[in-house]
Amino acid sequence: MNSEHTIIIIGFSHKNASVEFRDRISVNEEMASRFIDAAMGADLSIREIAVLSTCNRTEFYFVSPVALTELRLWLEAQYRSLMNVDITDPDVQPLMLQNEAAVEHLLSVAGGLESMMLGERQILSQVKSSYDLILSKEYSFPILNRLFQSAIRAGKAIHTRTNLCRGAVSVSQAAVELARKIFKSFQNRNILLVGAGETSKLVAEHFREIGSHQFIIANRGEARRKQLAERFNGRARAIPLEEIPSALLEADIVVTAAKAPDYLITYDDMMQAMKGRKYRVLLLIDISTPRVIDPRVTDISEAFLYNIDHLKNVIADNLEKRREEIPAAKSIVAEVREEFLVWLRSLEVVPTISKLTEYFDAIRVQELKKYAHKTTEKEYSHMEQLSKSIIRKLLHYPIISLRGMSNGHNLDLSKIEVVWEFFRLHEFKGKEK
Amino acid sequence: MTIFLQAVNVLLPLLYGLSLIFYVSHFNTKKPRYGKWASSILLIGIITDVIYIVGKGLYFQYFPISNTSESFSMLALNIAVLYYIIERTNKEGATGLFFLSIIFLFQLIASMFINGFGTSNELLSNPMFGFHVTLTLLGISALAIAALYALMYLMLAKEIKRHHFGVIYDRLPALETVEKMGMFATGFGIIFLGIGVFLGHLWAYKILGYFFTTDPKIVITDIAWMIYALGWIVSWKLGLRGLRMSLITFWGFLVLFISIVVFSMFLQTFHRFS
């Protein structure tokens, strides 16, 4: 491959760096923009650059003829000058990939295959943000532009054509997924949250994402329950624990994440509530340890009671199902990668053919010139024709092979690089334009 | 015309069969595009079926339920129309597989055992009788659909209750959706069957001279419909939903079905369907 078009990635993620290290090197959009400006203004031949930074990964994508090690040094220097951060750590070896491997990596990242939580969906929007950033800059990044487009396409295809991103993989998501199996719409559903800690907040956020507005927050401490209720713009009601039995009459979903020595919802409370609710279905999710809902509640037909172990089983099942989707997702990555590489090869092969033809023609002209004064005009013309014919025949099969490479699916891009090295095409200046 | 009807008679099970294949694919893969295809082909099937039945009726001047084959064909169309309306109203195609299986089977039987067109039965030439039969069949079909939804509700609720996440849990829509679809079908069923029964009385008045008869089949049908309708409406008004309502819907239909169909088979009275 023409080294001008070498795609390089230097990256850090949960696979090669600790969370402390990842936090330190994480860059926001503004900082990513500064990295891009720095690369474009650098003495190094960095043709294109993109930055992908999420909570679990920070990756730099380059198109450059510069060696990997030099780019790494440049990156270290930039971190020092732009963020005053030292990223040289003997325990951390960055992921460094080139060409096909780098392309495949980005496509896999976009599809959630490289995420800490397999099949994570959010990464695709983060890849889109990185793409938007390079589009917003005044520089022209044709290769990365195309590569990120391909990555977004691969990500979308994985989301729609496989089940890699389906099914809850966290306790709060699993709670929401269960609720979705019972209720169609959440707009007018009352959600009773028992406990006002971090877990309750997270659960509430997930329910809010799917359209819930009506929350009842029951907590022992008044300050905390009011604090959580305030997050819902006046749509949430804060109540003390003693009012749980009456709240059960109006709740559709109950999520408990609290610490208590006794059950906060007893079998008798539930029996009483069920009569009052005319046996309307009630989903109860007890993610407290120890449990705060009496397990006998499950004997009531209309009460669907789940505890933390049940949710963990849901998560384990979903993860297993996601793992089964890896081959399908990988085949989409391979498909999109090949499409991108065919495009990239065409970008490489056309200039290679033209450079090679130009190089052979230059030698031909140069050699002919030696005989310009030793032959008649007619003889010179014959020699010119003969030389052209020989060059044409000599280049016939190499050109056919090169064109075949751009259409084929099994080209090692380094083969094109061999052609450039073989004839020293990098050194050949060609015709003056 | 006969050639056209024969061709459509072959085409109908093919269309319903194709729709069934897409509903099965939709059920298995949850891919929306299969659902869209299934629904579109079902609509084409329904339109073709309506043209076929109306065309046949108009051309031969009779109401086309003169034999078992035609009755199956009419039942297939009724279920197809009702299911299509329920699906479109609730924007949920995951249950189509169950209904299209029945529709396809009924239409296949109808198409395979067809025995010519037309009838000598004068009764079937009267439009009021046609409406009576159509609405009664529509009503029973709707209540059967409601019973099937109630059964799905009970099965899904059982899986959720037992923390068992099998195919039913994975593929069926939310309990609330299944319940809503069932309610919709029950509403249709009570209204259509009610009007159908009423038209039957009108018909009796026209030919016998009195509105109410002592024919046990008619009496049983009237009482069964009234108990079902009243029971369901009272339960609804009392605020019963979910599990208990599904049990009422399911068992209510079984009692109604046994009352109407089984008694009709064993009691030899003036009221015959074919």
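Below, read A as the first sequence line, B as the second, and so on, with proteins coming before strands; counting in each chain starts at 1.
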Considering only heavy atoms, which portion of K31(B) lies under 4.5 Å from any heavy atom of chain A: side chain, backbone, both, or neither?
-> side chain
Got more than 12 heavy atoms from elsewhere within 6.0 Å of NZ, K180(B)?
-> no
Can you name the residues of residues 303-325 of chain A that have some heavy atom under 4.5 Å away from a heavy atom in chain B?
-> A303(A), F304(A), L305(A), Y306(A), H310(A), V314(A), D317(A), K321(A)
Min side-chain heavy-atom separation R244(B)-E302(A) under 4.5 Å | yes
Would the number of heavy atoms belonging to other residues, nucleotides or ligands and lying under 6.0 Å from OH of Y263(A) be above 12?
-> yes
Is the CZ atom of F98(B) crowded by more than 12 outside heavy atoms at less than 6.0 Å?
-> yes
Crowded around F131(B) CZ? As in, over 12 foreign heavy atoms under 6.0 Å?
-> no
Chain B contact residues among residues 170-195 of chain A, heavy-atom distance under 4.5 Å | E177(A), L178(A), R180(A), K181(A), I182(A), F183(A), K184(A), S185(A), R189(A)
Steps toward side-chain contact (heavy atoms from CB on, under 4.5 Å) verdict (T298(A), K161(B)) | CA-CA 8 Å; T298(A) 204; K161(B) 185 89 188 156; 4.2 Å; yes
Neighbour count above 12 (heavy atom, 6.0 Å) for E209(A) CD | yes
Contacting region of P32(B) [heavy-atom separation from chain A under 4.5 Å] = neither
Under 6.0 Å from the CD atom of Q126(A), do we count more than 12 heavy atoms belonging to anything else shown?
-> yes
